[in-house]
Amino acid sequence: MSLLPTTTIAQIAAYANQTVTLAGWIDHKTEKGKLVFLMLRDGSGTIQCVVFRKQVSETTFSTAQQLTQETACRITGSVRADERAPGGFELDVHEIELIHLTHDYPITPKEHGVEFLMEHRHLWVRSSRQHAILRIRAEIMAAAQEWLNAQGFVRYDTPILTATSAEGTTNLFATPYFDQGNAYLAQTGQLYVESGMMSFGKVYCFGPTFRAEKSKTRRHLTEFWMLEPEVAFATHADNLILQEQLLTAIVQRVLQQCRRELEVLERDTLPLERVQPPFPRITYDEALDLIGEHHAEVEGCTPLAWGEDFGAPHETLIASKFDRPVFVEKFPAAIKAFYMQPDPDRPEVALCADLIAPEGYGELIGGSQRIHDAELLIERIQAHGLSLDDYQWYVDLRRYGSVPHSGFGMGLERAVAWITGTRHIRETIPFPRMLYRLYP
RNA sequence: UCCCCGAUAGCUCAACGGUAGAGCGGCUGACUGUUAAUCAGUAGGUUCUAGGUUCGAAUCCUAGUCGGGGAGCCA
């Protein structure tokens with residue numbers, strides 16, 4: 001005995017004029033006297049189910065009248081094409097099996113405030129907009145991994161509990177670790193993924209990372225997912241090509257596979273369709289000139305002196321000058337991480353790049369060629385005030401068959417926010433962790 | 001951490017220092033084509049907390065709590 005449905009709503013067109021059993025939840029009900037309209041949602045889609053009093057038993061009709069929003073049920077009926085139905089098909093109901101009657105579902109079809117919705121995040125994920133965003137998130141993750149795998153990459157998982165800060169003094173979450181003092185939640189898998197690069201050539205890690213920064217903006221989470229590929233023998237130039245190819249593959253697949261979700265979100269797909277290589281590349285120096293010339297166009301965007309890092313308004317301004325994601329490369333080494341390879345022609349800048357998303361969604365990717373010389377790496381670790389003892393294993397990677405290599409980290413939720421056109425990053429992950437939000 | 005804003009019915013909000021209200025949702029009833037149906041009726045309040053000013057405070061003042069928007073930091 002099984003309770004499984006005979007089909008899903010997404011497949012309903014193949015069952016025209018047949019009798020099927022669907023299983024799901026009531027999205028909405030409209031009563032019209034001797035007629036009840038039910039919108040049934042099963043995860044794959046929604047369909048209108050029509051209950052005529054004269055065509056069903058009294059029990060079935062009174063069950064239909066009882067149904068409330070988010071009640072779980074199994075509905076058996078015949079599939080009929082009907083122009084009046086959203087989706088083109090509706091179900092003429094024969095029988096309704098009540099699985100669980102819901103009382104007082106808190107989220108109604110009317111508007112709600114952010115705080116209320118966040119308190120009910122565990123229920124909010126059922127709403128059509130949230131469903132569409134999280135469906136696209138899943139597609140982005142699948143697209144990224146499948147594309148990388150097809151290019152010969154091997155997924156290589158890095159630890160979440162680590163002994164020290166990977167990139168220096170940024171705030172980390174600490175947790176007691178037996179008699180070894182504190183362990184820290186990883187803020188990146190990058191250093192560890194470099195070891196895999198020396199074993200497999202092309203690797204990537206993909207998992208949650210943690211930042212205990214007191215950021216309070218619509219672009220930040222304290223727990224977010226990062227995809228970090230690392231490639232042996234890849235130079236800075238190779239790195240940028242890989243990034244634009246990966247991002248293009250992701251965006252094009254979402255355009256193909258998630259048309260319906262993008263419609264639900266009312267996402268303008270033209271900017272997404274323009275995402276094709278090559279992406280424009282400008283240097284940090286050119287970006288400073290551009291900011292100097294156009295800073296008045298964006299509020300809070302002030303001219304910068306060489307050596308200063310961009311703020312959010314600067315990224316917005318730069319992005320506004322291009323019709324697709326734009327690379328800003330060769331930042332001053334002093335404002336970047338210790339492991340970045342200096343430009344041989346100009347050692348004060350690093351062979352690194354940030355990829356800035358269009359439409360003001362900010363930095364999607366940060367990447368660089370890594371230092372492959374042990375002596376230089378040691379010098380940089382010390383110059384950054386880090387303990388060499390903590391990084392001996394990392395320096396070891398430069399002592400045995402060291403090669404030039406490059407990699408990058410893509411923030412998953414930033415990518416989801418941009419591709420789905422979601423203004424606030426809190427909607428791009430099922431349970432966002434933020435400065436003032438740990439529940440539910 | 002800093003700047004700005006807010007908290008009133010289950011939800012979204014209104015109410016000049018003078019009787020705390022509406023819409024939605026809930027409940028009851030009517031309706032054979034509704035799409036956030038419509039119509040009629042009905043229940044629903046410690047105005048975030050603690051002080052203060054005042055004849056009188058949802059309203060003004062102080063402190064706190066919680067939340068929202070932005071900055072910095074970053075992906």
Side-chain angles (χ1 to χ4, degrees), chain A residues 27-39 46-56 61 65-66 68-69 80 82-87 90 92 102-120 127-128 167-172 187-190 208-228 243 299-302 308-316 335-337 354-357 361-367 408-418 423-426 428-429 434-437 439:
Chain A
D27 225 33
H28 187 67
K29 179 180 75 173
T30 305
E31 283 188 77
K32 278 280 300 174
K34 297 181 174 60
L35 183 59
V36 180
F37 296 100
L38 304 168
M39 288 299 290
T46 57
I47 189 169
Q48 175 158 277
C49 306
V50 190
V51 192
F52 286 96
R53 181 165 218 162
K54 283 183 179 171
Q55 293 176 10
V56 297
F61 193 77
Q65 288 179 307
Q66 275 178 47
T68 54
Q69 190 188 356
R80 178 167 48 78
D82 192 314
E83 282 184 7
R84 293 170 296 187
E90 60 183 27
D92 276 330
T102 290
H103 295 286
D104 301 322
Y105 185 68
I107 301 178
T108 68
K110 297 284 178 175
E111 58 188 311
H112 296 284
V114 171
E115 186 182 2
F116 179 81
L117 290 169
M118 289 305 298
E119 282 294 314
H120 296 86
S127 301
S128 60
E167 291 186 4
T169 56
T170 326
N171 297 323
L172 299 177
Q187 59 179 335
T188 170
Q190 191 221 301
T209 54
F210 307 87
R211 307 271 167 100
E213 294 153 2
K214 294 197 169 178
S215 299
K216 194 175 171 303
T217 82
R218 62 188 168 89
R219 296 179 307 281
H220 289 85
L221 298 167
T222 55
E223 175 181 315
F224 68 98
W225 283 57
M226 194 150 60
L227 176 73
E228 295 177 277
Q243 290 172 45
E299 196 181 338
C301 188
T302 51
E308 289 185 288
D309 208 350
F310 302 149
H314 304 104
E315 289 179 353
T316 301
I335 56 171
K336 287 293 179 180
D354 287 351
L355 184 65
I356 300 175
Y361 285 93
E363 187 183 336
L364 285 180
I365 292 179
F408 60 91
M410 182 181 85
L412 175 67
E413 289 76 16
R414 292 259 179 99
V416 176
W418 163 54
R423 186 177 152 75
H424 201 297
I425 201 164
R426 66 184 158 221
T428 63
I429 185 169
M434 296 175 295
L435 186 50
Y436 296 119
R437 173 68 58 187
Y439 176 94

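Per chain, numbering begins at 1; letters A, B, ... match sequence-line order. Note that the coordinates shown come from a computational prediction; the quantities given were computed from them, not determined experimentally.
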Item checked: Strand RNA chain B as a dot-bracket string - pairs counted if Watson-Crick or G-U with both distances under 3.5 Å, | where the partner lies in another strand -> (((((((..((((....[..)))).(((((.......))))).....(((((..]....))))))))))))....

Pairing residues for [X] by the salt bridge (charged side-chain N to carboxylate O under 4.0 Å, His left out) criterion, not counting sequence neighbours:
| X | value |
| --- | --- |
| A:Glu31 | A:Lys29 |
| A:Arg437 | A:Glu119 |
| A:Glu413 | A:Arg137 |

Notebook entry, point to check: ring pair (Phe, Tyr, Trp, His ring centres under 6.0 Å) with A:Phe408: which residues, sequence neighbours excluded?
Noted result: none

Tell me whether the side-chain N or O atoms of [X] pair up with the base of [N] as donor and acceptor below 3.5 Å, since no angle test is needed here.
| X | N | value |
| --- | --- | --- |
| A:Glu90 | B:G33 | yes |
| A:Ser215 | B:C73 | yes |
| A:Lys216 | B:G69 | yes |
| A:Arg414 | B:C74 | yes |
| A:Gln48 | B:U34 | yes |

Notebook entry, point to check: Below 4.0 angstrom from OP1 or OP2 of B:G68, is there any side-chain N or O of A:Arg423?
Noted result: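 Answer is no, no contact under 4.0 Å.
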
Using a heavy-atom cut-off of 4.0 Å across all strands, would you classify [X] as base, sugar-phosphate, or nothing?
| X | result |
| --- | --- |
| A:Arg53 | nothing |
| A:Glu31 | base |
| A:Ile365 | sugar-phosphate |
| A:Leu412 | nothing |

Notebook entry, point to check: With rounding to whole Å, what would you report as the distance between B:G17 and B:U54 at their C1' atoms?
Noted result: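 That atom pair is separated by 9 Å.
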
Margin query: My understanding is that only residues two or more places apart in sequence, or in another chain, count here; which of them pass side chain to side chain donor-acceptor pair (under 3.5 Å) with A:His112?
Written below: A:Thr108

Note to self: Starting the side chain at C-beta, find the nucleotide from B:U12, B:C74, B:G72 nearest to A:Thr217.
What the structure shows: B:G72

